[in-house]
Amino acid sequence: MTDIKHHAYLFDATRCIDCRACMVACSVENNIEMDKTRIWVAGLGVTGEYPNLQRSTMVYHCMHCEHPDCMSACPVGAYTKAPDGPVSYNPDVCIGCRYCMNACPFGVPHFDYDKGIIDGAFIDKCTFCPQRIYNGQEPACVQTCPTDALEYGDRDELIKRAHERIAAHPDRYINHVYGEHENGGTSYLIISHVPFKDLGLPELPETPINEVSEKVMEMTIPFALSWGAVLTAVTVGVAAYEKKNGKGKAEQTK
Amino acid sequence: MKLNITLPKFLRIGTLPLILILFMAIAFVVAMMRYAFGIGAISDLSYSYPWGFWISFDLFTGVVISSGGFLMAGTVYILRIKEFEPLLRPSILTAFLGYIMVAVALLVDLGQPLRIWYMMIHWNHTSVLLEIGICVMSYLTVLAIEFTPVVLERFPKLHKVAHLIHKFIMPFVILGVVLSTLHQSSLGSLLLIQPQKLHPLWWTPILPILFFSSAVTVGMAMIIFESTLSSRYFQRGLETHLLAKLAKGLPVALGFYLVLKFGELAVAGDLGYLFTSGVMSALFWAEILIGAVIPLIWFSIEKNRANPNRLFAGAVILLLGMILNRFNVSWFAVKHPDPLFYMPTFMGNVKYFPTLPEVAVSIGIFSAGIMAFGLIAKYFPVFEAEHETEETHAPVRRLHPAPTAADD
Amino acid sequence: MTKTISRRDFLKLGAAGAGALALGSMLPPKVAEAARAAGTIDAEGNGFVHSMCEMCVWRCGLIAKVVNGRVVKLDGNPEHEHSRGNLCPRGQSGLMNTYDPDRVLTPLIRVGKRGEGLFRPASWDEALDLVARNMLAIKEKYGAEAMVFSSTHNLSQPLFENLLYAFGSPNYGTQRSLCFNAMIVSNLMTYGMEEPARIYDDKLKYIILTGRNLLEAISTSETHDLIMAIDRGAKVVYLDPRYTKTASKAAEWLPVKPGMDLAFHLALLHVIIRERLYNRWFVEQHTVGFDELKKEVMRYTPEWAAPLTGISAETITRIAREFAKAAPHALAHNGWRTSNFVNSFHTQRAISILNALVGNWNVTMTAAAEEGAGLGAPPQPPYPRVSALRLDGVPWKYPVVPFKLGVFQELRDNIVKGEPYQAHGWFISRQNPIMSLPDRAKTLEAFGKMDFIVTVDIIMNDTAWFSDVVLPEASYLERYDPLLPVGDKAFIRQPVIEPQGEAKSALWIYKQLGERLGLGDYFQYEDEEDYLRQQLAPLGADLEEVKKKGYAEMPESEHAGFTWNTPSGKIELYSDTLAKVGFPGVPTWEEPPQPKEGQFYLLTGKVAQSTQFGTQNNQLLHKYSDEPRLWMNAKTAASLGLATDDWVEVASEVGQIHIKLLATEAIRPDCVYLTPGYGHLSKGLKTAYGVGASDSVVHVTYTDPISGSQALSQTFVTVRKA
Ligand SMILES: Nc1nc2c(c(=O)[nH]1)N[C@H]1C(S)=C(S)[C@@H](COP(=O)(O)OP(=O)(O)OC[C@H]3O[C@@H](n4cnc5c(=O)[nH]c(N)nc54)[C@H](O)[C@@H]3O)O[C@H]1N2
Ligand SMILES: Nc1nc2c(c(=O)[nH]1)N[C@H]1C(S)=C(S)[C@@H](COP(=O)(O)OP(=O)(O)OC[C@H]3O[C@@H](n4cnc5c(=O)[nH]c(N)nc54)[C@H](O)[C@@H]3O)O[C@H]1N2
Ligand code: SF4
Ligand code: SF4
Ligand code: SF4
Ligand code: SF4
Ligand code: SF4
Ligand SMILES: [Mo]
């Protein structure tokens with residue numbers, strides 16, 4: 001096993017045959033309940049008019065963003081971004097507010113809508129199979145893929161490989177590696193022969209989405225303190241003014 | 001024929017309270033189902049729609065319509081505009097109950113309601129929701145403190161304590177205003193993280209400022225709204241002159257809000273969406289016209305401010321528009337994953353429509369709020385001026401013997 | 001919303017032990033003793049065991065992860081040439097077949113009427129005694145030939161064959177005539193071998209796939225090969241009336257009119273010969289019959305083929321030229337389930353010949369290693385001579401169909417007719433003829449003629465449901481099977497867990513039964529391990545080592561080079577064998593029947609998430625399967641006033657079914673398609689029962705007179721709103 005500094009996947013939409021082996025593999029490996037999944041297919045299916053048809057699919061799971069919005073949003077810090085890639089979720093602190101689901105631009109985190117308070121309702125999402133990748137195995141979904149549409153490796157190397165593949169077949173691929181820069185970069189990289197939006201991927205800026213809200217959050221305490229100071233000053237000022245003018249302003253107007 | 005059964009007085013319940021109790025009971029049953037079988041059992045929330053009616057109504061609407069509390073506290077205590085004092089206590093009570101309702105609703109909506117307090121110990125400082133959570137919880141405490149004197153005044157022996165609290169009220173008032181400012185605006189910041197989901201007519205980095213300025217207008221309108229209603233229900237004199245004064249401020253606040261909103265759209269180059277986004281454009285214009293433009297004009301007219309009925313009508317219009325705004329940003333204008341996701345079927349729900357039980361929960365909680373307001377107003381001196389200056393006096397008698405909710 | 005989904009909780013099933021649940025008791029998991037002895041599973045029942053997938057006949061190598069004596073994950077074995085570390089969705093889901101709550105885990109004896117599904121559990125002794133008694137009684141009364149045996153390809157098949165040949169019956173039904181008879185017979189006639197191996201090397205430039213939906217009808221390594229070839233830039237031309245997932249990856253999709261593939265390929269031969277694009281050296285050196293071929297195909301111009309196939313003459317001509325230009329790095333794939341039309345044999349011959357003409361031999365195709373060669377076997381006496389005619393018409397009606405292929409649908413028909421004689425008993429193993437044969441009503445009629453039916457299966461499949469005795473085999477994760485050589489390695493299937501309930505391996509069952517039938521000499525092994533040791537003996541390999549490693553090294557088999565096992569020793573473009581029995585010696589146009597106005601071709605074809613008729617009850621596969629619906633071209637549907645999700649009635653001359661419609665652009669306007677394998681009759685399949693409808697109900701039986709293939713696309717149906 002080569003040394004992987006930053007765990008990542010590369011998905012090649014030209015290779016995926018929508019066989020769903022990856023999904024079955026994930027369900028088994030991670031004991032996912034029968035009515036849930038961490039990985040699914042997105043895409044428009046068959047488009048066009050007979051006999052001029054196209055079909056493309058993409059396998060969708062957590063992008064393991066470099067600047068995860070789920071993590072930024074979660075009030076109780078249930079998400080962690082490991083320095084070497086994986087974004088993980090800790091059910092022990094989750095309060096079930098589902099803000100992470102709103103925050104994730106990829107609609108990845110899922111929630112136990114079918115669980116009462118005795119079972120406990122949690123968020124679930126792809127974990128990057130830490131039990132496998134830290135034991136020298138590929139993630140279950142990647143390992144099983146019969147067409148190598150899913151590959152796993154070091155992020156830098158995969159980005160290189162993706163660009164090489166595009167360069168080798170410029171006619172086949174769209175000249176872009178999705179996830180290299182989107183949302184500040186993701187650890188799930190995608191190359192494709194059809195526009196990425198046809199694969200269900202959102203158009204995202206290169207700056208992380210959460211930059212704006214995080215900036216606002218940074219301003220909160222300073223703002224609160226200054227606002228408090230202003231209000232105190234006003235209070236003191238008004239009181240002093242009233243004293244000076246003998247009576248309360250209110251009573252004057254009465 | 002006449003039934004000669006007379007219920008003991010305390011068992012006689014009026015029609016309105018009866019209806020409220022019924023709603024509460026329904027909500028209670030639904031909530032129990034939710035706790036037993038999960039949120040999915042009673043709502044239409046799904047993978048694609050994690051937030052729905054509850055968040056739009058209970059959280060976004062609930063919080064904004066409670067903004068009268070901090071406005072009045074600021075006006076009366078900080079700016080010492082004492083003439084508004086009669087409006088202070090009802091506003092604080094409304095806010096207090098409003099926030100409790102928010103909290104109760106969250107206890108239904110949260111997946112792990114028993115862990116709501118985790119927000120106090122597990123802090124993720126980048127989370128807007130955390131800020132809101134902390135602010136709301138703290139503000140509830142502040143409101144409780146602000147309202148305690150009212151409760152204590154009811155008991156002559158505790159007047160001393162009430163007085164003591166009053167003496168040290170200022171820091172709490174200031175804290176309350178700060179907290180309110182923070183979370184009223186942060187409710188807008190909550191949506192900053194979904195630029196690609198929220199329609200560009202609504203998404204802007206200045207969402208927090210828009211939220212705050214609109215909250216101010218809503219606060220004013222709420223005071224008008226709720227004073228009018230309670231004056232009728234409790235057959236109390238209406239402080240029309242005060243409300244009129246308040247209403248005078250509305251066009252200014254609304255004007256400011258409109259300038260900000262359209263200014264931002266212009267700067268961001270999003271003006272084009274105003275007419276090209278179909279339903280979204282319509283929703284936008286609806287909230288702008290109903291929530292801001294019409295009220296702005298309405299309240300600019302002196303005649304409308306002088307007449308209690310017209311004041312009330314204006315407030316209702318503004319509230320409807322602004323509530324629509326809150327629904328728009330938190331629900332209608334939020335784009336969710338679409339039919340691209342065709343596998344597997346159990347993730348396929350890309351349409352959301354609140355279920356009856358879902359709405360029933362909110363109605364029940366709302367009913368409880370109204371009920372609580374009625375009971376508290378009946379048993380505690382809510383509609384009386386504070387008499388901090390006339391320390392020696394016991395609370396003044398009621399101006400009118402207030403008919404109680406239970407006598408209706 | 002989650003509320004539409006019944007809550008089948010894999011986690012909980014896993015924890016309680018599905019098998020145990022079915023037995024109504026909670027048995028502690030049993031760690032596979034053999035694996036423990038081999039040291040692959042530790043004392044706590046944790047470890048990794050090498051074995052082999054049996055979710056389809058490709059038999060990929062797998063490594064099973066065992067925790068506390070339970071299989072929790074299967075991964076592809078990187079050392080196995082068929083898996084290369086990957087498993088297809090069915091392979092991934094395999095453990096759910098083993099832990100299916102609907103497993104049959106004890107021998108069952110029917111107590112109700114046939115098809116009522118009422119059984120009582122029995123001991124192996126009782127069940128086997130009963131089976132033996134009935135078989136012997138039938139032999140006594142009507143002769144051994146009155147016992148019919150049938151089974152679909154599996155590793156213990158040699159022992160199954162021992163059972164039937166030693167018993168003395170000539171009647172052997174296999175899936176082959178429903179599957180690939182046309183391809184096998186054509187290759188035998190052309191190359192003298194069943195199925196030449198295909199080579200997808202780096203240089204492969206051009207592939208013609210004739211209805212070989214390799215990206216859905218998955219064979220893991222070959223599917224991988226195809227995608228990698230495309231990735232390297234090989235051009236794929238794909239003929240299918242449907243826009244399948246394979247079509248979507250092909251450079252060119254030709255929605256050929258069903259059954260007209262023959263015309264297309266004849267025209268290819270025509271262009272290649274007319275334009276002298278063939279490899280003259282190769283043809284001269286290694287083939288016979290070029291002149292006869294040339295004479296015949298001169299009639300088949302692209303202009304002639306165009307209106308038949310719906311593919312323009314230019315396209316056909318261009319493809320012929322491109323193919324010949326790419327040769328020998330070109331491959332015309334024979335296809336696998338080639339039983340489409342009564343002319344399929346000729347289509348297959350044309351494809352085989354196409355490869356030969358351009359000299360692809362030993363470049364993109366070569367001789368396949370013989371199955372089982374090089375391994376030992378227990379000694380056994382010769383089989384008794386059998387003089388009775390075969391019920392399936394081989395060879396008296398189908399002179400060139402090999403015995404081991406047979407003509408299953410004919411066998412069934414003759415059971416119904418009672419000609420040339422009446423059969424009375426049916427022994428079925430690892431097969432679901434009620435679903436796989438065309439015309440289900442007729443198959444049930446054949447069942448009705450039987451005094452006695454016994455089925456060996458792992459679940460209550462439809463055939464078991466209609467049987468008198470059901471014998472539960474241990475699943476492929478619970479048993480040993482004979483070794484399977486792939487390349488230069490012989491792979492082992494070994495128990496990953498101990499069999500649940502009373503299930504037993506086929507090796508054990510057949511031996512037990514053999515002894516009760518007085519045929520013990522044909523089963524000279526102590527137990528499964530002893531059988532494997534005898535197999536390994538010539539290799540000098542130690543079983544314990546093999547268990548650990550997963551395979552034994554085999555001596556490299558020599559390549560055939562340029563010799564063929566045909567009468568002439570060469571590739572036979574013209575076959576004397578065929579001519580002698582009255583069939584055309586070269587591929588010849590045979591017009592297939594076409595639907596009448598208002599009728600549609602009914603197509604069948606695999607999906608990646610199920611295998612034939614035996615995996616629809618697998619909950620994991622069910623989870624990720626599309627709902628089976630009748631595909632109909634969107635415009636055709638609109639013109640008939642039909643829309644997606646409308647219920648429709650699909651009717652042929654033999655039956656009718658109700659199914660939901662899927663209006664899609666992805667199919668020819670004159671065809672409809674239905675996923676096979678649904679519409680089960682057995683209520684013992686709780687997950688699958690009630691899902692979809694069975695195309696076998698409407699399939700009409702037509703047999704290719706040369707290869708004996710059932711023509712599975714030759715059923716014409718009407719569709720109307722139900
Ligand atoms: N996932 C999965 N994989 C499997 C199997 C499985 O059950 N499931 N089964 C295995 C077995 S036993 C076999 S035999 C192979 C079969 O694999 P394939 O040979 O690929 O056979 P099918 O999928 O049955 O049919 C292939 C295609 O033939 C098309 N077709 C129908 N009629 C015609 C025609 O007249 N002309 C042309 N050109 N095309 C036609 C159908 O539309 C269908 O798409 O798959 C093997 N692999
Ligand atoms: N309509 C239609 N008919 C078809 C086809 C089609 O595509 N459409 N395809 C044709 C083709 S290509 C083929 S190959 C045939 C296949 O036809 P069959 O061989 O009759 O069908 P299978 O479903 O493969 O039958 C396998 C049976 O073995 C059982 N089984 C699974 N594992 C084991 C095991 O370990 N031990 C035992 N004893 N039993 C086990 C399964 O439960 C199942 O009942 O069908 C043909 N018929
Ligand atoms: S894809 Fe969504 S859940 Fe995954 S890391 Fe990014 S934001 Fe978080
Ligand atoms: S649902 Fe849980 S993980 Fe998601 S944001 Fe809320 S607390 Fe965090
Ligand atoms: S990495 Fe693991 S958890 Fe994530 S989708 Fe793949 S198999 Fe599932
Ligand atoms: S296993 Fe590979 S080819 Fe199959 S659906 Fe998943 S990514 Fe696509
Ligand atoms: S192709 Fe799939 S089902 Fe067949 S043996 Fe391989 S993994 Fe198993
Ligand atoms: Mo087959």
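Naming: A, B, ... by sequence-line order, numbering from 1 per chain.
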Problem - Rounded distance (nearest 0.5 Å) linking atom CD of A/Gln143 with atom NZ of C/Lys73 - result: 6.5 Å
Exercise for the section: Before giving the answer on side chain to side chain contact (heavy atoms under 4.5 Å, CB included), spell out for C/Met96 and A/Met34 the whole-Å C-alpha distance, their side-chain angles and the decisive distance to 0.1 Å. Expected result: CA-CA 12 Å; C/Met96 199 64 223; A/Met34 279 300 170; 4.2 Å; yes
Problem - Gap between atom CZ of A/Arg15 and atom NE2 of C/His224 - 0.5 Å precision - result: 7.5 Å
Completion exercise
Note: vs chain A, highest number of non-hydrogen pairs under 4.5 angstrom among C/Pro78, C/Pro255, C/Ala608, C/Ser93 is C/Pro255
Completion exercise
In short, salt bridge (charged side-chain N to carboxylate O under 4.0 Å, His left out) pairs touching residues 86-109 of chain A with sequence neighbours left out are A/Arg98-B/Asp109
Exercise for the section: Check whether any side-chain heavy atom of A/Ile17 lies under 4.5 Å from a side-chain heavy atom of C/Glu216, and answer yes or no. Expected result: no
Fill in the blank from the handout: If one checks every heavy atom of A/Cys16 against chain C at 4.5 Å, the contacting part turns out to be backbone
Problem - Flag if over 12 foreign heavy atoms under 6.0 Å of CD, A/Gln54 - result: yes
Practice task
Please report the shortest heavy-atom distance between A/Glu33 and C/Lys623, naming the atom on each side.
Solution key: O-NZ, 3.0 Å
Problem - Side chains of A/Glu29 and C/Gln92 in contact at under 4.5 Å (non-hydrogen atoms) - result: no
Handout entry: Test side chain to side chain contact (heavy atoms under 4.5 Å, CB included) applied to C/Met228 and A/Asp148, step by step
Key = CA-CA 9 Å; C/Met228 287 305 135; A/Asp148 293 350; 3.7 Å; yes
Handout entry: 4.5 Å side-chain heavy-atom contact, A/Thr37 and C/Tyr624
Key = yes
Exercise for the section: Measure the shortest side-chain to side-chain distance between A/Thr144 and C/Asp75 over non-hydrogen atoms and say whether it is less than 4.5 angstrom. Expected result: no
Completion exercise
Among residues 81-90 of chain C, those lying within the under-4.5 Å heavy-atom range of chain A are C/Gly85, C/Asn86, C/Leu87, C/Cys88, C/Pro89
Practice task
Assess whether atom NZ of A/Lys5 is packed by more than 12 heavy atoms of other residues, nucleotides or ligands within 6.0 Å.
Solution key: no
Practice task
Check C/Ala666 against A/Leu53 and note the closest heavy-atom contact, atom names and distance.
Solution key: CA-CD1, 3.8 Å
Completion exercise
chain A shares the most heavy-atom pairs under 4.5 Å, among C/Val607, C/Leu621, C/Leu215, with C/Leu215
Completion exercise
Taking a cut-off of under 4.5 angstrom between non-hydrogen atoms, the residues of residues 242-249 of chain C near chain A are C/Tyr243, C/Lys245, C/Ser248, C/Lys249
Practice task
Starting from the C-alpha separation in whole Å, work towards a yes-or-no answer on side chain to side chain contact (heavy atoms under 4.5 Å, CB included) for C/Asp626 and A/Arg20.
Solution key: CA-CA 11 Å; C/Asp626 294 331; A/Arg20 304 166 200 177; 3.0 Å; yes
Exercise for the section: Would you check, one step at a time, whether the test side chain to side chain contact (heavy atoms under 4.5 Å, CB included) holds for A/Cys19 with C/Ile218? Expected result: CA-CA 9 Å; A/Cys19 73; C/Ile218 294 181; 3.8 Å; yes
Exercise for the section: Find the distance between OH (A/Tyr50) and OG1 (C/Thr664) and round it off to the nearest 0.5 Å. Expected result: 11.5 Å
Exercise for the section: Measure distances from C/Asp225 to the heavy atoms of chain A and classify the residue's part below 4.5 Å as side chain, backbone, both or neither. Expected result: neither
Exercise for the section: Determine which residues belonging to residues 167-174 of chain A lie within contact range of chain C, meaning some heavy atom pair is under 4.5 Å apart, and list them by number or answer 'none'. Expected result: A/His169, A/Arg172, A/Tyr173
Practice task
Could you tell me whether the side chain of C/Leu95 reaches within less than 4.5 Å of the side chain of A/Val28, counting heavy atoms only?
Solution key: yes
